[in-house]
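Structure first, then comments.
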Amino acid sequence: MYSALARSDIADIVEKVQAHERLSFEDGVRLFESNDITAIGCAADMVRRRLNGNKTYYIVNRHINHTDVCKNRCKFCAYSRSEGEDGAYMMSVAEVVARAEELYQDLKFTELHIVGGLHPTLPFEYYTEMLSALRARFPEVHLQAFTAVEIAHIAEIGALSVEECMRRLKEAGLGSLPGGGAEVFAPEVRNRICPEKMAGDDWLSVMRAAHNLGLRSNATMLYGHVENAEDRADHLLRLRNLQDETGGFMSFIPLRFHADNTNLAHLARPRSGIDDLKSVAVSRLMLDNFPHVKVFWIMFGLKLAQVALSFGADDFDGTVVEEKITHRAGAETPEGLTVADIRRLIEETGTAPVERDTLYREVTHEEQAVG
Amino acid sequence: MKLYGTLDSAAQGARLSREQAVELLSCHSLPELGRAAAAVCDILHPEPVRTYVVDRNINYTNICISGCRFCAFYREPGNPDGYVLSTEEVLEKVGEAVELGATQILMQGGLHPELGIEFYEGLFRAIKNAYPVHIHSLSAPEVVHIAEVSGLDLETTLCRLHDAGLGSLPGGGAEILVDRVRNELSPVKCSARKWLGVMETAGKIGMRATATMVFGHIESHEDRVEHLMAIRDLQDRTGVFTAFIPWTYQPGNTALGRAAAGGHDYLRTLAISRLVLDNVSNIQASWVTQGDALAQVALRFGANDIGSTMIEENVVAAAGVRFRLSEKRLIELIHSAGFDAAQRDTMYRLLRVHEKGVG
Ligand code: SF4
Ligand code: SF4
């Protein structure tokens, strides 16, 4: 170890990482409490390179939110509406397909990401029909849809067990589950920020069932509110334990608490770039059995998201726009990036951009050149 | 990794050679570079305190004959949008700033074809008569221009401005101190030798200055290192520089266009600046160009100062970057980086310390 690193207050943890040793709960707490972000980054970058070499992944995907109507109305959620409220909407299956069609004309995506609120009256068949209609129209596109929270709700609507519910959704075309709704598992924290939402253990159970059915998924952590270092380390260890059991998680995505325009706005900690990097780096270190850590550039901003690629993240996400729609140069967070922009940002970090599909297989384009 | 040796000796304070610096610029192991720079920063600033300054930027004129290709701020003489602030307008702005706790006034403007030294002497005297504020103003190209317009040599020009109240020179206009690059970017602006000459003269008459570097445009890594070496050599001879401030070229609304350098390049270059400039005590982060989150990270990449509250920043704002941070936010950023925050003056003397976890 070189001398600047040896002087760090977490030098012993860096040594454990060098020796391929698994980190403990206490190590996780100390990492989250340390401000030595470059030392944490050295260790996280080492692990990232061990697992993903010189590759940085991105995906060409698009998002559809089929409804904002949600019976939960979590206090931190500025997105959801009650039925009949101003701004409430619900897309029919035909509308979802038409929207996908429109997006596909714009850009040939390989993944469609579909999440929405917990609609109180939509029937179970709505979800299976949506998936089969999309699969019929876009047989090549992977459908990543419905968080664990939505799955539990859809099962309830259909009076099915979550296993049976997911088995039917999978039959209809569901490819994998996104990682949303995990928030922070610790019950005291959950009670303060989202008492309306399913318990952490239930979230993990849905994921366990999904993995057992052969559905892969992602996982998230919502940080930057009332949680402390112990809560974060506990969250990561519960994910690591489940992953030891099932191996079904693909990537982990840290999400910063963002409660603007809600009455939990006062619980949001002021933004700290160092904490953002820590959320990536410490996760990379604790989740030694997760193949990937993803940084959402929309949330981090391009500059910090790019830096995160040297702090443990190996996936830059997607949401790219077509080349001909040029975004405003210099905007910190444009709404979409072109494939060429994403590749350039990745190359600037000294890593090689790799287009992936949802399951992290490399996508090769035969006729059309990328970038 | 073969760079460990270089990083190791740099982290212990050894002087880096030109070749070593170039080598480090192509090193992509960002956290390792950052760790070495942070180690050097901790040696130079062992107290866990990081600083900011409260100041106001006043752009007294936007009329400029230089026409730099990366500049979105200037207007050519005769352009109806051109302006020159009156002494009254400047005094009003200074008054507002002092009211808000400013200790420093940063006045910079275009190279106006008709404003001679008397204009500046009058302005500085008026400010000094009215307010107890430090005048940190006029970048080197402006000083060169004033000398030319007034038919004076540099030393006389600087002595007269200093007498009138000019306290120190901001480091703007350095861009990249390599004439091949300057000729392409800002052909009318003063040469590298002249920029360095102004700073050398300032040092000689007992003034202080900062130095900047604007990177991420057409320059090569060797050019960046050339720039750092020029600053280090001059500092060895004069000790004129209080601080070094690297930032990235901002492409919005400029003739040069191109993509902006990313956060990766910014932090890497900042860290290398800390490692190479072993004789400059302070390195400033630039939240104006990098955003607050990245500027905070910079405090762990070798920077010991987060810059100023910048009550006004027209040059950058004209290029499409509009950040405005309150003193409270700067303190918060320093605290959440794990340091006590202190307001400083232009000479980096601590004025008020805000301890972490105490409000
Ligand atoms: S369950 Fe999801 S969509 Fe519904 S209110 Fe909560 S966060 Fe919003
Ligand atoms: S950067 Fe300065 S010298 Fe160059 S055009 Fe702009 S105002 Fe004039």
Side-chain angles (χ1 to χ4, degrees), chain A residues 1-9 14 33-46 48-49 54 224 256 269-278 281 297 300-312 328-333 340-341 344-351, chain B residues 1 3-5 7-12 26-40 42 48 248 250-254 257-268 271 290-301 319-321 323 329 332-333 335-339:
Chain A
M1 193 179 333
Y2 84 104
S3 62
L5 207 44
R7 286 203 295 270
S8 171
D9 59 349
V14 179
E33 282 174 348
S34 165
N35 282 308
D36 199 346
I37 187 62
T38 49
I40 299 172
C42 288
D45 195 41
M46 192 188 320
R48 176 243 201 264
R49 286 176 189 279
N54 203 37
R256 183 168 6 92
R269 276 205 292 271
R271 180 167 186 204
S272 156
I274 290 177
D275 202 39
D276 286 342
L277 288 181
K278 245 191 251 179
W297 59 262
F300 270 52
L302 285 180
K303 285 179 190 288
L304 200 65
Q306 191 195 33
V307 170
L309 297 178
S310 291
F311 279 77
R328 289 153 296 143
E332 170 64 357
T333 307
D341 287 334
R344 176 179 52 77
L345 286 163
I346 293 172
E347 275 163 3
E348 280 173 12
T349 69
T351 60
Chain B
M1 188 201 180
L3 292 177
Y4 272 175
L7 278 181
D8 237 344
S9 49
Q12 287 161 14
S26 58
C27 161
H28 284 291
S29 189
L30 191 62
E32 280 167 6
L33 274 177
R35 190 69 201 77
V40 169
D42 287 345
T248 58
Q250 306 293 312
N253 306 333
T254 64
R258 315 174 155 244
H264 207 271
D265 199 15
Y266 173 69
L267 289 180
R268 181 174 43 184
Q290 306 305 312
D292 56 351
L294 198 62
Q296 186 209 29
V297 173
L299 293 177
R300 292 279 170 185
F301 265 80
V321 185
F323 294 117
R329 179 67 178 139
E332 185 176 278
L333 288 168
H335 283 173
S336 53
F339 298 105

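Quick caveat: nothing in here was measured; it's all calculated off a predicted structure. Just so we're on the same page: letters track the sequence lines, and every chain starts at 1.
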Measure the spacing between CG of B:Asp8 and CG of A:Leu5 and express it to the nearest 0.5 Å.
->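 So the gap between those two atoms works out to 10.0 Å.
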Region of B:Thr248 that comes under 4.5 Å of a non-hydrogen atom in chain A =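 Side chain only.
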Interchain contact, B:Phe301 with chain A, by part (heavy-atom threshold 4.5 Å) =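 Looking at B:Phe301, just its side chain touches chain A.
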Can you sort out the partners of A:Asp45 under side chain to side chain donor-acceptor pair (under 3.5 Å), two or more places apart, ordered by chain and number?
->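 A:Arg49.
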Please name all residues satisfying side chain to side chain donor-acceptor pair (under 3.5 Å) with A:Ser272, sequence neighbours left out, ordered by chain then number.
->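 Partners of A:Ser272 by the side chain to side chain donor-acceptor pair (under 3.5 Å) criterion, ordered by chain and then number, come out as B:Gln296.
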List the atom of [X], the atom of [Y], and the distance in Å for their closest heavy-atom pair.
X: B:Gly338; Y: A:Asn35; value: CA-ND2, 3.2 Å
X: A:Arg7; Y: B:Ala11; value: NH2-O, 3.9 Å
X: B:His264; Y: A:Glu348; value: ND1-O, 3.7 Å
X: B:Pro31; Y: A:Ser310; value: CG-O, 3.1 Å
X: A:Leu304; Y: B:Ala293; value: CD2-CB, 4.2 Å

Selection from A:Leu345, A:Leu277, A:Thr349, A:Asp276 maximising heavy-atom pairs under 4.5 Å formed with chain B =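 Counting heavy-atom pairs under 4.5 Å, the top option is A:Thr349.
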Top contributor to chain A contacts, counting heavy-atom pairs under 4.5 Å, from B:Ala37, B:Ala295, B:Ala36 |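 When all of B:Ala37, B:Ala295, B:Ala36 are compared, B:Ala36 has the most.
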Counting heavy-atom pairs under 4.5 Å to chain A, which of B:Ala38, B:Ser336, B:Gly263 comes out on top?
->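 Between B:Ala38, B:Ser336, B:Gly263, the count favours B:Gly263.
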Please walk me through it: do A:Asp36 and B:Arg35 pass side-chain contact (heavy atoms from CB on, under 4.5 Å)?
-> CA-CA 8 Å; A:Asp36 199 346; B:Arg35 190 69 201 77; 3.2 Å; yes
Under 4.5 Å from a heavy atom of chain B, the part of A:Thr351 involved |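 Neither part, no heavy atoms under 4.5 Å.
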Where does A:Arg344 contact chain B at under 4.5 Å (heavy atoms): side chain, backbone, both or neither?
->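 It is the side chain, since no backbone atom gets that close.
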Test item: A:Arg271 and B:Arg329 side chains (from C-beta on) under 4.5 Å apart, heavy atoms =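 When only atoms from C-beta onward are counted, B:Arg329 and A:Arg271 do touch, with a gap below 4.5 Å.
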Give a yes or no on whether the backbone of A:Thr38 and the side-chain of B:Arg300 come within a donor-acceptor separation of less than 3.5 Å.
->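 Answer holds: no.
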Full working for side-chain contact (heavy atoms from CB on, under 4.5 Å) between B:Leu30 and A:Val307 | CA-CA 8 Å; B:Leu30 191 62; A:Val307 170; 4.0 Å; yes
